[in-house]
Amino acid sequence: MTLTQPEVSEVDLEGHFERTVAKDQRIEPRDWMPEGYRATMIRQIAQHAHSEIIGMQPEGNWITRAPSLRRKAILLAKVQDEAGHGLYLYSAAETLGADRPDLTERLISGRQKYSSIFNYPTLSFADVGVIGWLVDGAAICNQVPLCRSSYGPYARAMIRICKEESFHQRQGFELLMTMMKGTTAQREMVRDAVNRFWWPSLMMFGPPDADSPNTARSMAWRIKRHTNDELRQRFVDMTVPQAEALGVTLPDPDLKWNAARGHYDFGAIDWTELKRVISGEGPCNAQRVAHRRRAHEDGAWVREAAAAYAAKHEGAVRD
Ligand SMILES: [Fe+2]
Ligand SMILES: [Fe+2]
């Protein structure tokens, strides 16, 4: 006997999707979703995962040269957390039907992007502090609203990731506080690192709203909850008092409190630099991708061995 199901039309499915999003409920992997939503989610999660993995490189560069066992242990833990974030996020992308080897291939062939901030070099140990304070700080501003993103697996991954990011930011701030209480040379290292990372940190929020054509769609789908400019302003407002507490001057003569707006005003961002770095012309783009590609190729034997073991084990179970 065959049971005839009432036909569910695409319109009903779309209506259900729209209502779920409008009610602030989550879209789950087995739910119907528009192809545009699926593609946007895969692209965003993959770029996020790639950023976590590539982001291990600039700081990993200092693990062997950390100035004390304590600093080495903190930095190791932090870089390891970033690997975990990447793995979480690749898994979240897989729930949408993305293929993990394909995503890796897109990264190492330069077809998929990662955050432009990781294309800048780390020139001193103060950079470890500044990356924790500013780069992880900017990541927190971006990611806390993503805990309420409409795609369930992404939103849930973000909750744990944000908890770890807040440790990352604090370890950076604590390192900088220690250096600022140290020698003149240490304070100079901090000043130099802040000067190099301040503007690229502001660029992490992406192009200005007027130049961000996908924002409206992502906001309507509740993938994004705030625009790039809103998040950038939030980051500036949060960071200025922290800079004052540290005793460092942010490299922007136009930075000042605007009582009428209730926010800090800040200077114009060099968007041509962001475009240049995104298009592959940043100081370390080629190096970062080449390193990732080498690590992937060096790991080929591990993947082969694991696959051979799994196949053998499967055979043994069947027999
Ligand atoms: Fe992270
Ligand atoms: Fe982090």
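Predicted, not measured: the structure shown is a model, and the values here were computed from it. Quick note: residue numbers are just sequence positions, from 1. Just follow the structure's listing: the first ligand is 1, and inside any ligand the first atom is 1.
Between E297 and R294 there is no salt bridge, since no side-chain N of the basic residue sits under 4.0 Å from a carboxylate O of the acidic one. Salt-bridge annotation for E230 and R225: absent, with no side-chain N of the basic residue lying under 4.0 Å from a carboxylate O of the acidic one. Taking the charged nitrogens against the carboxylate oxygens, D229 and R232 do have a contact shorter than 4.0 Å, which makes a salt bridge. For D31 and R26, the salt-bridge test fails: no basic side-chain N is under 4.0 Å from an acidic carboxylate O.
For the side-chain hydrogen bond (donor to acceptor under 3.5 Å, both in side chains) test with H48, the passing option among H50, E52, Q44 is E52; the others fail.
Here the shortest heavy-atom pairing between V130 and A193 reads CG2-CB, 3.6 Å.
With waters neither drawn nor counted, the protein N/O/S atoms under 2.8 Å from the Fe ion (ligand 2) amount to 4.
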